[in-house]
A.B. asks: 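Please read through the structure below; I'll follow up with questions.
Proteins get letters first, then strands, A, B, ... in listed order; numbering begins at 1 in each.
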Amino acid sequence: MIWQTECTLSLLARHYRTLFRTCARYSALDVGKKLHASIVTTGLVTCQNTFLRNAILHMYAACGSVLYARKVFDEIPLSYKDTVDWTTLMGCYAHGGFPLDGLNLFVHMKKSDVLIDEYTMVVVFLASAKMGCEQFGVQGHGCMVKMGFSSSIKACNAVMDMYVKCGLIDKTRRIFSEMGEKSIVSWTVVLGGVVKWEGFENARLLFDKMPERNEVAWTVMIAAYIENGLTKEAFGLLREMLFESGFELNFVTLSSLLSACAQSGNVLVGKWVHVYALKMIEHEIDIVVATTLINMYAKCGRIDDAFRVFLVMPRRNVITWNAMLSGLAMQGKGDMVLDLFGQMIREVKPDDVTFTAILSACSHSGLVDQGRHFFYSLESTYGIKPSIEHYSCVVDLLGRAGYLEEAESIIRGMTIPPNEVVLGSLLGSCSVHKNLELGECLIKELVQMYPDNTKYHVLLSNMYSLAGKNDKANSIRVVLRSRGVRKVPGISSIYVGGQIHCFSAGDKLHLQSQEIYMMLDEMIRKIRLAGYAPDTACQKFSGSNDGDYYGYGQEEKEQALFSHSEKLAVCFGLISTQAGMPIYIFKNLRICQDCHSAMKIVSKVYNREIVIRDRNRFHRFKLGSCSCFDYW
DNA sequence: TTAGGGTTAG
């Protein structure tokens, strides 16, 4: 009888373990909590029942519930806590955004004389990588060698990944070459590192040398091609992967490829992936894939396609809604964002990202009162503590609209220290509204915070120059020249025939350069007749880095302005795409005032819709006006 | 009866 009861109990415990594992896999925290509650009274969870206890801990960890995981961990008497318990909680901290807590737990674990194994080391490196500075990782590496894990493939893979994430690819390569036995993960970690730090050409050399490849390796390489605008090569590898090597795309792969498309604006590959997903998946597209589809279409400027995907989704989570709202915000469709938000709160609970989208939508659309209202009711109505992103949006919103004092008082009352983005945003507004006093004060703060970042010295000099204080402006420029300042070059890119074409200001590297410049001459002539007046002064505060004009005459300044990267890209678009077709351009920095005015007239003169994604948002030029209504 | 759990690459 007793034997029978014991048998039943152990069977029950095993069933519970399976259930907890399933909850962990599907991040079903609510179900997991209910199961946990139901099991507490059964007496099944005992100190001795290591596996069941660990399954519960793991469930909370996998669902990202740091608090509950910690509670379960703390309830285990110290002498019963084993390596797996410690490692699980460390991983939970590292994944949940508290890597330092994870590392502290490791120190505590060592002091408590708990056995440390290769899994523990993997988590140590995960946490070190998340810290983002090499100092912790190097210490962990030393620890790993001392403890004799140098020949553990898992530990080596994790330490290599940590070095990749810290930007130390040489160290990764050294460990890789010294490894006796390597796994596919070792190769893929290095492949990812080479893509990131040494470029896709070197990555391809390594990819070709791989003794075996799994879908992760294929995805890394294909995404690298997509990110670099090499559509033909990306399609070539996709074909090899699917039709020659017999792999299929799963939802993680699909999402990775779509993210690469979103980043590089490659809607051609993005659409192909969409069609693949529709054909391959029998029931409905996974919610994660559908959300990355919305993000992809939105970032490629196809907001209508994004909205179509959104509308047919049978279920949507908060991330789906956020993707849709952020996409609309980038397009400056503030009214639509606010309207959709009303629908959203009936379906899901908004989170901090939702409000970043809302505040940025208000900012891009000039909806000052609404944005202000949302910001001030964040905590009281929605229980959300304002984040640095919320602050920078609201400062931007108020600053642009000229409420500089209010924006400043929000900054001074921040519960977290303001960063470069927040202060820089108000600084931009000071330039626009010509508030030299506050601007000067902010720049001094910024120069103190980032003494090596010459951007702020440039802004200060521009500001003095605009205020007619040329002596002060010149003295800063002299200092900057002596320091050999190089600015990030402005680059505009455009897809034609599936291939990316990149332009920087005044460059003549394109094969059709001659035709492009002929078109440019014609275009400038035509838009001048239609009212375009070059605005050389805009250069001062535009934040655009399409050239340096100090010490040049008016004509040279104009010439330099005409060959801004986005103007070259639009000329190439005009000569290489069919009449009437929209032209999509991607720019790494913000579009300058002059190009903005020019594009409006180009859209009218050539009867073309021109869509430009700059660093901040989309500008859709049509029949002489822009979707931003010049509010940006 | 014994082993099982926790981890890394997109």
A.B. asks: Tell me, please, which residues at least two apart from Phe207(A) pass ring-ring contact (aromatic ring centres under 6.0 Å, His included).
C.D. replies: Trp218(A)

A.B. asks: By the salt bridge (charged side-chain N to carboxylate O under 4.0 Å, His left out) test, which pairs, at least two apart or in different chains, include something from residues 182-211 of chain A?
C.D. replies: Arg173(A)-Glu198(A), Arg204(A)-Asp208(A), Asp208(A)-Arg213(A)

A.B. asks: Looking at residues at least two apart in the chain, or sitting in another chain, which of them share a ring-ring contact (aromatic ring centres under 6.0 Å, His included) with Phe73(A)?
C.D. replies: Trp86(A)

A.B. asks: Let me have a per-nucleotide readout for nucleotides 5-10 of chain B, 5' to 3', with B, S or -, counting only protein heavy atoms under 4.0 Å.
C.D. replies: BBBBBB

A.B. asks: Sequence neighbours left out, what passes side chain to side chain donor-acceptor pair (under 3.5 Å) with Asn616(A)? Give chain and number order.
C.D. replies: none

A.B. asks: Which residues pass the ring-ring contact (aromatic ring centres under 6.0 Å, His included) test with Tyr119(A), sequence neighbours left out?
C.D. replies: none

